[in-house]
Amino acid sequence: MDLQSLAVVLRAALSHVPEERKAAEASLTQFQYTPQHLVRLLQIIVDGNCDMAVRQFASIHFKNFVAKNWSPTDPESDKSMVRENILGFVTQLPPLLRAQLGESIKTLILADYPEQWPSLLPWVTHNLESQDQIFGALYVLRILARKYEFKSEDERIPLYQIVEECFPRLLNILRNLVPISNPPIEVADLIKLICKIFWSSIYLEIPKQLFDPNVFNTWMILFLNLLERPVPVEGQPLDPDARKSWGWWKVKKWIIHILNRLYTRFADMKLQRPESKAFAQMFQKNYAGKILGCHLQLLNAIRTGGYLPDRVINLILQYLTNSVTKNSMYQLMQPQIDIILFEIIFPLMCFNDSDQMLWDEDPHEYVRKGYDIIEDLYSPRTAAMDFVSELVRKRGKSNLQKFIHFIVEIFMRYNEASIEVKPYRQKDGALLAIGTLCDRLKQTEPYKAELERMLVQHVFPEFSSHVGHLRAKAAWVAGQYAHINFSDQNNFRKAMHCVISGLRDPELPVRAAAFWRCMASSEADEEVEDTGALAAVGCLRAISTILESISSLPHLFPQIELTLLPILRRMLTSDGQDVYEEVLEIVSYMTFYSPTISLEMWGLWPLMMEALNDWAIDFFENILVPLDNYISRGTDQFIACKDPDYQQSLWRALSSIMTDQNMEDSDIIPAPKLIEVVFQNCKGQVDHWIEPYLRLTIDRLRRAVKPYLKSLLVQVIANTLYYNPSLTLGTLHKLGVATEIFNLWFGMLQQVKKSGIRANFKREHDKKVCCLGLTSLISLPANHIPPEALERIFKATLELLVSYKDQVAESKRENEAAAEDLDGFDGDEEDEDIESDKEMGYDDEDGDEVSSVNLQKLREARGFQPHYDDDDDDSDDDFSDDEELQSPIDEVDPFIFFVDTIQGMQASDPARFQSLMQTLDFRYQALANGLAQHAEERKVEIEKEKLEKANAQ
């Protein structure tokens, strides 16, 4: 298809006539793989005489095709011509088209640089020297540097050449841009790109070129100059969204980003390797204080009614929070600490005009922002809360008392004022402050003794306030303090009543009916319904906190269950989609902490399964937790009941999800985890499910791509082997897949990353499950396992047990080190002067003993913790066990199980045992002897643990 014909087809693809549009799309699909197609698309994209809509469609088509089809293994064909031309087009395009082309350049760089695209870096360096090509060169260099931003050390090697070639040129460009008076916005765009390149290059480590003090100082002088300099007034947008995205504010943000990264990652003496300590000392001495001064000057805008973007405020407060623990930095802050605390930090904690606008115009967005972790990264309010928390934790002796006195004064002014002039927004901020400091106040005298009275006098009354945001904040604060020991149980009951009535009691100005209607998101909802929804969502969160707080009092759960069941039944249907995660959290607490799971609570199972089959697949991780509780804590009911048939309903859901061709690997992660729950908890009772679940698992394993999912699916097989090795092995042979599965399994066990750590079965739990499954195979008689297979299984199990032993030991060391750090609060090298908690009246023995093991389990079992894709890096390292879950295999020591199995073979079939031992070389014999010794040590440790536990009761 020639250029003119292609332009006609692209224009037809935008037609409002469906037939014309479909014909054009079909034509594009037909010709997209023909020679010169991509080159012609580029020509149309860059053609200024062509209609902009056509150019835009061409750029999107080009981007999508490249993203889907560009691969380093593909034939070169048009690729070299595209690479030669695409870079020069960057500066010729308007921003809308440039963004699409930038995505394509990113795809090309990720696939081709440096091997297939060696000319890229010379092109960049050449154009950095050309005045009219600087923007294009910086734009491409930003994409190139970003490729290596998160790469491990051995994968960052190409970045070293990039820095060596480009940083001197970048510094020269920046040196020329900074002094320009009355600079146009285009200068800001160039400086922003330089900052982004610098950020990507120093994110994980400082390039060696910057260790030169003169070079680094030049960069810092320019950054500090830009940080101190007021942004231009002229050209600053009036629209709030456009203003925060304005080029000069973006420059400020990126400079603060860079300085924070240098300060927190490279200037902390405790985080540095010995060879980097000189840099850390230099930064602390020469720059940290200057940066703090610039930051405090910028924050003055909050006091004077000036403007600072939220993200800039957030980043500056992060710097201040990190400075609290360092004596030299805190001494610089101390003369201004009252101004910082009362005129900057507290106003940021108060309800403001933006909150009110969001509350009125989009209450659902208000709720989402309040509970969105990503929003916290940008929120000045969250950063202010973090600063207060760190200040009273590390410098509480001189700051806690005056801050609480300030809050109490606000409470008193609020109570004394008439309804027309009450400081509602300040009361909201004061409640937020009290909730933020709850951990400190609950354990510090004299405040600890006053908490119950504070709740009764200043929090509970706001449940009946006519101001919606105060009702919501009261519910949150009540949840924060639900752990305290109420001297008057009537006050506890009142707290519980207030929170639950926020959902269903007419004493709250907004009735529950308004909440249900609001959840339907009708455009015609009245304002009162929206505010009711906000208060109700806050109450759901508070109910979870209260349930967590009474986890050591299981006898209370049946009483609460009667009150909550109507709410849960309603909200586990599609009516509760907007709050489904919160509702599932409540169900998780109820099914975990109740003495038993009642038949009424079992009545929620069908509702969750119906939702999962219909619309709730996005909540699969959350649904996993209560389903695990039902199966593990109500095993008899799960096995025996046939109406409804819980086993069958689980099978229908899991088979539907795992056979769905449209499901990505990441979507089905909870499915193999649930199959594991079934076989581990129902040992000897679900033989009839072995074959169906194995068929399902093996079918999905053949299509799996992600290593994490493949590991989980293989663990299903390991679990069935541990459940019944003879039945499982027979089923694998029956299906004709035994050889295929074991070859895959052993291949995965041997696979390692560049760093030497295992690529699969990375967690302790994964290794343990595999060990139990493989050991169970060894227990089978000789006619089940031929000698060569037995040798292979035995050696693989030995290797895996040694790896598991090392990982458990490493985890133990890390936990002990973490405990030591907590004991000392692990500040910086100057921390010995920081006020101790005992001076503050902080007494560990006064802390609430709230079933800490179970609570930790439930917290970490919210979706069994999110998984992480681990294809490209070692961040999910070999020592991170992200599932501290209780299961029947917790009581099984894999070393003792292995040794007992081998000794069983020795007793029952000495000749087979002797033959196996003779196949082992010296290394494997040493491993076997070491594990046998470790198993004996474990027996002694376990007996000791049992004795200590018995004596403690």
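Note: hydrogens, waters and symmetry copies are ignored here, and every other heavy atom, side chains too, is used.
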Check whether any side-chain heavy atom of Phe346 sits under 4.5 Å from a side-chain heavy atom of Val388, and report yes or no.
no

For Leu238, does its backbone N or O pair with a side-chain atom of Arg243 as donor and acceptor, under 3.5 Å?
no

Any side-chain heavy atom of Tyr424 within less than 4.5 Å of one from Phe351?
no

Just by distance, with hydrogens left out, do Gln318 and Asn260 show a side-chain donor and acceptor under 3.5 Å apart?
no

Within a strict 4.5 Å, meaning less than it, do heavy atoms of the Val467 and Lys422 side chains meet?
no

Rounded to the nearest 0.5 Å, how far apart are CG of Leu320 and CG of Leu299?
6.5 Å

Sequence neighbours excluded and cut-off under 3.5 Å, please list the side-chain donor-acceptor pairs for residues 333-345, or say none.
{"residue": "Asp338", "atom": "OD1", "partner": "Lys402", "partner atom": "NZ", "Å": "2.6"}
{"residue": "Glu343", "atom": "OE1", "partner": "Arg303", "partner atom": "NE", "Å": "2.9"}
{"residue": "Glu343", "atom": "OE1", "partner": "Arg303", "partner atom": "NH2", "Å": "3.1"}

Heavy atoms of other groups near Asn182 CG, more than 12 under 6.0 Å
no

Is a side-chain donor-acceptor pair under 3.5 Å present for Asp268 with Tyr263?
no

Can you tell me how far CG of Leu332 sits from CG of Leu292, rounded to the nearest 0.5 angstrom?
6.0 Å

Between Thr436 and Gln480, is the side-chain contact (heavy atoms from CB on, under 4.5 Å) condition met? List the steps.
CA-CA 8 Å; Thr436 300; Gln480 295 292 98; over 6 Å; no

Say you draw a straight line from CG of Leu227 to NZ of Lys290; how long is it, rounded to the nearest 0.5 Å?
12.5 Å

Lys/Arg-Asp/Glu bridge criterion (N-O < 4.0 Å) met for Lys250, Asp189
no

Are the side chains of Leu298 and Lys252 in touch, meaning some heavy atoms are under 4.5 Å apart?
yes

Is there a donor-acceptor contact under 3.5 Å linking the side chains of Gln426 and Tyr414?
no

State which residue, out of Leu262, Ile258, Leu210, Asn225, fulfils the side chain to side chain contact (heavy atoms under 4.5 Å, CB included) condition with Met220.
Leu262

Go through Leu204 and Glu149 one step at a time and tell me if the side-chain contact (heavy atoms from CB on, under 4.5 Å) criterion holds.
CA-CA 7 Å; Leu204 286 181; Glu149 188 170 312; over 6 Å; no

Any side-chain to backbone donor/acceptor pair from Asn399 onto Arg395? Under 3.5 Å, distance only.
yes

Under 3.5 Å, is there a donor-acceptor pair between the Glu409 and His405 side chains?
yes

Residues Gln356 and Asp360: side-chain donor-acceptor under 3.5 angstrom:
yes

Which residues pass the ring pair (Phe, Tyr, Trp, His ring centres under 6.0 Å) test with Phe223, not counting sequence neighbours?
Phe198, Trp219

Pair Trp249, Lys244 - check side-chain contact (heavy atoms from CB on, under 4.5 Å), show working.
CA-CA 6 Å; Trp249 282 121; Lys244 69 182 181 184; over 6 Å; no

Is it true that the side chains of Trp248 and Gln236 contain a donor and an acceptor less than 3.5 Å apart?
no

Side-chain H-bond candidate by donor/acceptor type, Ser544 with Glu585, under 3.5 Å
yes

Relative to the ring of Tyr319, is the ring of His295 parallel (under 30°), tilted (30 to 60°) or perpendicular (over 60°)?
perpendicular

Can you confirm whether Asp353 sits close enough to Arg425 that some side-chain heavy atom of one is under 4.5 Å from a side-chain heavy atom of the other?
yes

Taking the cut-offs as 6.0 angstrom to the six-membered ring centre and 45 degrees off its axis, would you call Arg440 and Tyr447 a cation-pi pair?
no

In this structure, CE of Met412 is separated from CD of Glu416 (nearest 0.5 Å) by 5.0 Å

Evaluate the side-chain contact (heavy atoms from CB on, under 4.5 Å) criterion for residues Leu222 and Leu177: first the C-alpha distance (whole Å), next the side-chain angles of each, then the deciding distance (0.1 Å), finally the verdict.
CA-CA 10 Å; Leu222 294 169; Leu177 292 174; over 6 Å; no

Below 4.0 angstrom, N of the basic side chain to O of the carboxylate: do Asp386 and Arg381 qualify?
no

Determine whether Ile434 and Phe411 make a side-chain contact, defined as any pair of heavy atoms from C-beta on separated by less than 4.5 Å.
yes

State, with a plain yes or no, whether a side-chain heavy atom of Lys192 is found less than 4.5 Å away from one of Lys253.
no

Just checking, Arg311 and Tyr378: is the charged tip under 6.0 Å from the six-membered ring centre and within 45° of the axis?
yes

Ion pair present between Glu462 and Lys427, side-chain N to carboxylate O less than 4.0 angstrom?
yes

Could you tell me which residues satisfy salt bridge (Lys or Arg N to Asp or Glu O under 4.0 Å) with Arg453, sequence neighbours excluded, listed by chain and number?
Glu450

Side-chain heavy atoms of Leu317 within contact of Leu348, under 4.5 Å
yes

If the plane angle is over 60° it's perpendicular, under 30° parallel, otherwise tilted; pick one for Trp254 and His257.
tilted

